[in-house]
Undergrad: 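Here it is, the structure, as structure tokens.
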Amino acid sequence: MTKTTSENIDATESETTTESALTTARRQLKRAATHVDVDDGVVERLKHPTKVQRVSVPLKRDNGELEVLTGFRAQHDDVRGPYKGGLRYHPEVTADECIGLSMWMTWKCAVMDIPFGGGKGGIAVDPKELSDEEKERLTRRFAEELRDVVGPKQDVPAPDMGTDPQTMAWFMDAYSMQHGETTPGVVTGKPSVIGGSYGREEAPGRSVAIITREAIDYYGWNLDETTVAVQGYGSVGANAARSLDKWGADVVAVSDVNGAILDSEGLDTKSVMGHDERPGMVSGYDAPQRLSNEELLELDVDVLIPAAVGNALTADNADDVQADLIVEGANGPTTFAADSIFEQRDIPVLPDILANAGGVTVSYFEWLQDINRRQWTLDRVNNELESEMLKAWDAVRDEVEAHDVSWRDAAYMVALSRVATAKEERGLWP
Ligand code: GLU
């Protein structure tokens, strides 16, 4: 096993274990640009967002007190179509985090070849400390503050950490009331009765499972003999685990914020309730063994799926990871430094911008359904998702094979050349 230090990763940039999403995203872009024949000016432009909206969001708490929270919407690039990406409610939301995450959305939409650019936003708030009524008032006011910069043809938000279909319903209603017409296409990830798509909630986890299945096949392993550990059992982690379990893999360990459970025979992933379904149920589950979240990351399994938060895999723990394959369920779970360690240790990392892209892909299907005012069946959604994921997988795998690069570099090469070509064709105005 090769021990890696900061000196042999990038001598010009010091390694930190808590690098921001923006730092990671910029380092990844810089590295990917060396593999693609793209104009330096275009790369320079893509290091920066087009616009970052910072808004104050006043909230009347249930006890009558007024609190002023800060919200953001970062719009990275829209050369291929409207900005697209989630809104997160989390205490650590910052402008830089939103910018980094919006860059990843640009690449994610381009890898999938869907006609959107990248956006991301959120409010620095702990949603667990808000009542439903407070969350509703906050969301409606946030929608009002962002009204001029969002819209079905401009920028289309969606759920992310701490937000859900109900949040999108409030956002859509607030926007529609001010516009004087019902505008379902202003957000995706809505409840299906008001223009949401069937299968949208399960889609990011489903795509993680599809990419895991394809990677297992690519390396000549057998899904029936594969062991999987999933960090984070929210919507992404639980849906990925359940699909892989259904297709024959042994999901031996899963975790939530309070800890992890392990059953070397394979857990019954359906009976373990997700963090969104019943908070606290994972660590409260009657399993043969309990572990800490950190121990789960270091289990000797075939596949590790970090599906909880950003920066889960860092220079501090990357050397201790024993999995043979990592598939990113969360956005940005691997720091740039950890990525280099995995590369030196020959542990393939299937990147977020491909693996969890099922979410934004079904968001695109939802947007089409909203524009056409015609709902698709769940079967149609899942079939089209499967074929879009396989198309993207093929494009990325072709780059891996042609240029002997990492999966992340390959995904960036596909994305960056699509975005750069679009920029070159459109040219600079004025
Ligand atoms: N928040 C999700 C993501 O990070 C979905 C974005 C969307 O559907 O627009 O991919």
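Just follow the structure's listing: the first ligand is 1, and inside any ligand the first atom is 1.
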Undergrad: Say whether Arg88 and ligand 1 are in contact under the criterion: heavy-atom distance to a ligand atom below 4.0 Å.
TA: no
Undergrad: Is the ring centre of Tyr364 less than 6.0 Å from the ring centre of Phe116?
TA: yes
Undergrad: Is Ser235 reaching over with its side chain to a backbone N or O of Glu201, donor-acceptor style, under 3.5 angstrom?
TA: yes
Undergrad: Does the Thr183 side chain pair with the main chain of Glu181, one donor and one acceptor, at a distance under 3.5 Å?
TA: yes
Undergrad: Going by side-chain hydrogen bond (donor to acceptor under 3.5 Å, both in side chains), Arg61 matches just one of Glu67, Glu133, Glu129. Which one?
TA: Glu67
Undergrad: Would you please determine whether Pro159 falls within less than 4.0 Å of ligand 1 on a heavy-atom basis?
TA: yes
Undergrad: Please report which non-hydrogen protein atom sits nearest to atom 5 (C) of ligand 1, along with the residue it belongs to and the distance in Å to one decimal place.
TA: Arg200 NH2, 3.4 Å
Undergrad: Among protein heavy atoms, which sits nearest to atom 3 (C) of ligand 1, and what does the distance come to when rounded to 0.1 Å?
TA: Lys108 NZ, 3.3 Å
Undergrad: Check ligand 1 against Met105 and write out every atom of the ligand that is under 4.0 Å from a heavy-atom position of the residue.
TA: 3 (C), 4 (O), 6 (C), 10 (O)
Undergrad: Among all protein non-hydrogen atoms, which one is nearest to atom 9 (O) of ligand 1, and what is the separation to 0.1 Å?
TA: Lys84 NZ, 2.7 Å
Undergrad: How close does the nearest protein non-hydrogen atom get to atom 1 (N) of ligand 1, and which residue and atom is it?
TA: Asp160 OD1, 2.7 Å
Undergrad: Which residue holds the protein heavy atom closest to atom 7 (C) of ligand 1, what is that atom called, and what is the gap in Å?
TA: Ala158 CB, 3.3 Å
Undergrad: Short question: side chain of Asn311, backbone of Glu19 - any donor-acceptor pair under 3.5 Å?
TA: yes
Undergrad: Any N or O of Asn356 that comes nearer than 3.5 Å to an N or O of ligand 1?
TA: no
Undergrad: Got a donor-acceptor contact below 3.5 angstrom from the Thr139 side chain to the Thr167 backbone?
TA: no
Undergrad: Between the side chain of Arg200 and the main-chain N/O of Gly359, is any donor-acceptor distance below 3.5 Å?
TA: yes
Undergrad: Could you tell me if the ring centre of Trp376 sits under 6.0 Å from that of Phe365?
TA: yes
Undergrad: Would you mind telling me if ligand 1 is within reach of the side chain of Val362, the backbone, both or neither, using heavy atoms under 4.0 Å?
TA: neither
Undergrad: Hey, does the side chain of Asp245 reach the backbone of Val251 with a donor-acceptor pair shorter than 3.5 angstrom?
TA: no
Undergrad: Starting from atom 8 (O) of ligand 1, which protein heavy atom do you reach first, and at what distance in Å?
TA: Ser363 OG, 2.5 Å
Undergrad: Check ligand 1 against Lys120 and write out every atom of the ligand that is under 4.0 Å from a heavy-atom position of the residue.
TA: 1 (N), 3 (C), 4 (O)
Undergrad: Looking at Trp407 versus Tyr218, is the centre-to-centre ring distance below 6.0 Å?
TA: yes
Undergrad: Between Met168 and ligand 1, which residue portion shows a heavy-atom distance shorter than 4.0 Å: side chain, backbone, both, or neither?
TA: neither
Undergrad: Check each atom of ligand 1 against the heavy atoms of Gly85 and keep those under 4.0 Å away; list them by number with element.
TA: 6 (C), 9 (O)
Undergrad: Just jot down the ligand 1 atoms closer than 4.0 angstrom to any heavy atom of Gly359, in number order.
TA: 8 (O)
